[in-house]
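Accompanying notes for the structure given below.
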Amino acid sequence: MRRTINTTSFPDQKPGTSGLRKKTRVFLQPHYLQNFIQAVLNVAAIGDRPLVIGGDGRYYNREAIQIILKMAAANGVRHVIAGQAGLLSTPAVSHLIRMRRAGGGFVLSASHNPGGLEADFGIKFNVENGGPAPAGFTDQVYAESRRIAEYHILEAEDVDLETPGTRRLGDMRIEIVDPVAAYADLMERLFDFERIRGLFAGGNFSFRFDAMHAVTGPYAHEIFERRLGAAPGAVMNGVPLPDFGGEHPDPNLVHAWRLRELMLSNPAGPDFGAASDGDGDRNMILGRDFFITPSDSLAVLAANAHLIPAYPDGIVGIARSMPTSCAADRVAASLGIPCFETPTGWKFFGNLLDAGLISLCGEESFGAGSDHVREKDGIWAVLFWLNLIAATGRSPAEIVGAHWRRFGRNYYTRHDYEAIETQVAGTLMARLREMTGGLGGRRFDNYICASGDDFSYTDPVDGSRSEQQGIRILFSDGSRIVYRLSGTGTEGATLRVYLERYEPAAGDLELTSAAALAELSRLAGELANIPELTGRTAPDVIT
Ligand code: G1P
Ligand code: ZN
């Protein structure tokens, strides 16, 4: 039976964001999730095309899927493709939407945020190109979520999500699919699995992957262990848990601490280590006692893409988010291809990928991807590195060292000041904005300022404008300080300060990043008056 339920509770989605990310209890409020789903279904023209549904397995994942299925059926959706046990990584959803020519897909995840009743839940909608819904779409969803006063839902038993096969719900067909198979097949087409198998079979290469109790566990077991022959046990924390074992499924040196302990300061550690986040779109790459910054990783992938079967003729262009280091720009220049600098957030890459202007893209926040899907992709990045290691016979540290000796090194770090009062953060940014115009030519100790601005972007494909995307202070030697406020934090404001210093190939390439960036770090604090305005003398998180 189809029921129409009146609702007055509206999701307070931030306009311009491609989904909702809130405390789980917020989602448990009556009609809250339902309102968002109804708004999306009203705006998205799914028609006869399939709708893809899956999530990262966190608390409330299965319940939310049951609600979406019943609402989809009551709203005339004909065909749903859902991941078995409710699981699908974000890149796997993107791939399924594209492969099955779906009208869109729901991803249930709060990405790298913790999960559980007292933690976070989230939902986002990806459109037919497989990427996050663009601003025009999400603005409509937001308006719709405030306008509607009712939603439609089928009164029915829960659907069995646990076994693959086809079910019916009202007039709707539900296909429960293995969440891994199609994605793993895609990876086999992009990378040289034969060669990677040889690397593992050789017996003197060891590898660990930390799935952080999140969605990539099943993907990693199938791809690394079963299809590529990595030693059993190579995948750590490979069973998705509703609360991710009580930890943050965020692949950085703080939260992926088990992998860090294994890989860093451990001469007997594995040769190569990697981790991914809650929904499988982020990656962290480590060599033995060697951390590779995401910015360097993007540059290395770009410089070596010709070694990968997916790019026999090389790549057509690269894009990086503005705060990501300029290491990729140097590779693009040497290849004679464009490097686009976009605002933070994956959606800006989608247009460039769809228009065929770029092949690779990435962000400093542990995200990289390519034209194979329209999301960043954690497992893909790990396979790219495995393929490079297998093809060159070099260790991760050797590959990066050779890269620096050719292109120079962009020392890089990010400092986060979390839960600052929103008003204070606003003042800090406004003062910086005022100051930027007058900085050109000024000298600060060893640094001469070349220019300063508040980054804005005109999309080369659709001409849309994005203003105030972060304060950039550029120095004459290629160094930079960037300040921006996080768009994803859930408490107060988070100030991110990105520091970058360029050291030419003939310079000192072996400093620690803390030492290399000490002077810029001090300068960044002084220019923005961080201690005076925020009362903070040190960042909360350094990555
Ligand atoms: C952060 C990252 C950004 C990434 C986003 C979603 O956003 O900095 O690169 O695209 O998460 O994963 P922020 O909190 O900085 O707005
Ligand atoms: Zn994520």
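- The shortest side-chain heavy-atom distance between Y412 and D296 does not fall under the 4.5 Å cut-off.
- Looking at E500, its side chain never comes within 3.5 Å of a backbone N or O of N410 through a donor-acceptor pair.
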Where do F366 and N283 land on the side-chain contact (heavy atoms from CB on, under 4.5 Å) test, with the steps shown first?
CA-CA 5 Å; F366 299 87; N283 75 85; 5.6 Å; no
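- Between W380 and V373 the shortest side-chain heavy-atom distance does not fall below 4.5 Å.
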Would D277 and S111 satisfy side-chain hydrogen bond (donor to acceptor under 3.5 Å, both in side chains), going step by step from the backbone distance to the final call?
CA-CA 7 Å; D277 72 328; S111 192; 3.0 Å; yes
R465 vs S456, side-chain hydrogen bond (donor to acceptor under 3.5 Å, both in side chains): CA-CA, chis, key distance, verdict
CA-CA 7 Å; R465 256 328 257 168; S456 63; 3.1 Å; yes
side-chain contact (heavy atoms from CB on, under 4.5 Å) between D454 and T436: does it pass, once the steps are laid out?
CA-CA 8 Å; D454 194 348; T436 48; 5.8 Å; no
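- Put simply, the side chain of N387 gets close to the backbone of D192: a donor and an acceptor are under 3.5 Å apart.
- The closest side-chain heavy-atom distance from M212 to H112 is not below 4.5 Å.
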Between D271 and S206, is a side-chain hydrogen bond (donor to acceptor under 3.5 Å, both in side chains) present by the stated rule, with each step listed?
CA-CA 5 Å; D271 297 285; S206 51; 3.0 Å; yes
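- With hydrogens and angles ignored, the 3.5 Å screen pairs no side-chain donor or acceptor of E364 with any backbone N or O of P294.
- In this structure, F209 and F207 have tilted ring planes: the angle between them lies in the 30° to 60° band.
- When every heavy atom of R409 is checked against every heavy atom of L509, the shortest pair comes out as NH1-O, 2.8 Å.
- The pair R197-E194 counts as a salt bridge, with a side-chain nitrogen and a carboxylate oxygen less than 4.0 angstrom apart.
- Contact of the P343 side chain with the M322 side chain is not registered, since no non-hydrogen atoms from C-beta on lie closer than 4.5 Å.
- Between F137 and F125, the ring planes lie parallel to each other; the angle is under 30°, not in the 30° to 60° tilted range.
- G104 and I97 get closest at one heavy-atom pair: C-CD1, 3.7 Å.
- Here R100 pairs with E175 in a salt bridge; the nearest charged N to carboxylate O distance falls below 4.0 Å.
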Hey, mind stepping through E128 and R49 against salt bridge (Lys or Arg N to Asp or Glu O under 4.0 Å) and telling me if it holds?
CA-CA 10 Å; E128 57 207 333; R49 293 176 296 175; 2.4 Å; yes
Is there a side-chain contact (heavy atoms from CB on, under 4.5 Å) between M187 and F193 once you walk through the steps?
CA-CA 9 Å; M187 294 299 119; F193 270 40; 4.0 Å; yes
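- Taking 4.5 Å as the limit, some side-chain heavy atom of F224 sits within range of a side-chain heavy atom of I379.
- Residues D281 and P91 have side chains in contact (heavy-atom distance under 4.5 Å, counting atoms from C-beta outward).
- Classification of E341 and R480 as a salt-bridged pair holds, one side-chain N sitting under 4.0 Å from a carboxylate O.
- Using modelled atom types, one finds a donor on one side chain and an acceptor on the other under 3.5 Å when comparing E375 with N126.
- Of the charged side-chain nitrogens involved, at least one lies within less than 4.0 Å of a carboxylate oxygen, so that D185 and R227 count as a salt-bridged pair.
- Looking only at side-chain heavy atoms (C-beta outward), L264 and L253 come within less than 4.5 Å of each other.
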Assess the residue pair Y219 and S276 against the criterion (side-chain hydrogen bond (donor to acceptor under 3.5 Å, both in side chains)); give the C-alpha distance rounded to whole Å, side-chain angles, the decisive distance to 0.1 Å, and a yes or no.
CA-CA 11 Å; Y219 294 83; S276 189; over 6 Å; no
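- Taking the centre and axis of the six-membered ring of F455, the NZ or CZ atom of R484 falls outside the cone set by 45° and 6.0 Å.
- The residue from I389, D377, I308 that alone fulfils the side-chain contact (heavy atoms from CB on, under 4.5 Å) condition with F384 is I308.
- A distance-only check finds a donor-acceptor pair linking the side chain of S94 to the backbone of R374 [under 3.5 Å].
- In this structure a side-chain-to-backbone donor-acceptor pair under 3.5 Å is missing from R208 to F272.
- Between H255 and H248, the ring planes are parallel. Angles under 30° get that label, and only those over 60° would be called perpendicular.
- Between F205 and L386 the shortest side-chain heavy-atom distance falls below 4.5 Å.
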Test side-chain contact (heavy atoms from CB on, under 4.5 Å) on Q469 and T342; report intermediate values, then the result.
CA-CA 9 Å; Q469 296 297 316; T342 65; over 6 Å; no
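- A salt bridge links K124 with D279; the closest basic N to acidic carboxylate O contact falls under 4.0 Å.
- R58 and D120 are not joined by a salt bridge, as no carboxylate oxygen comes within less than 4.0 angstrom of a charged side-chain nitrogen.
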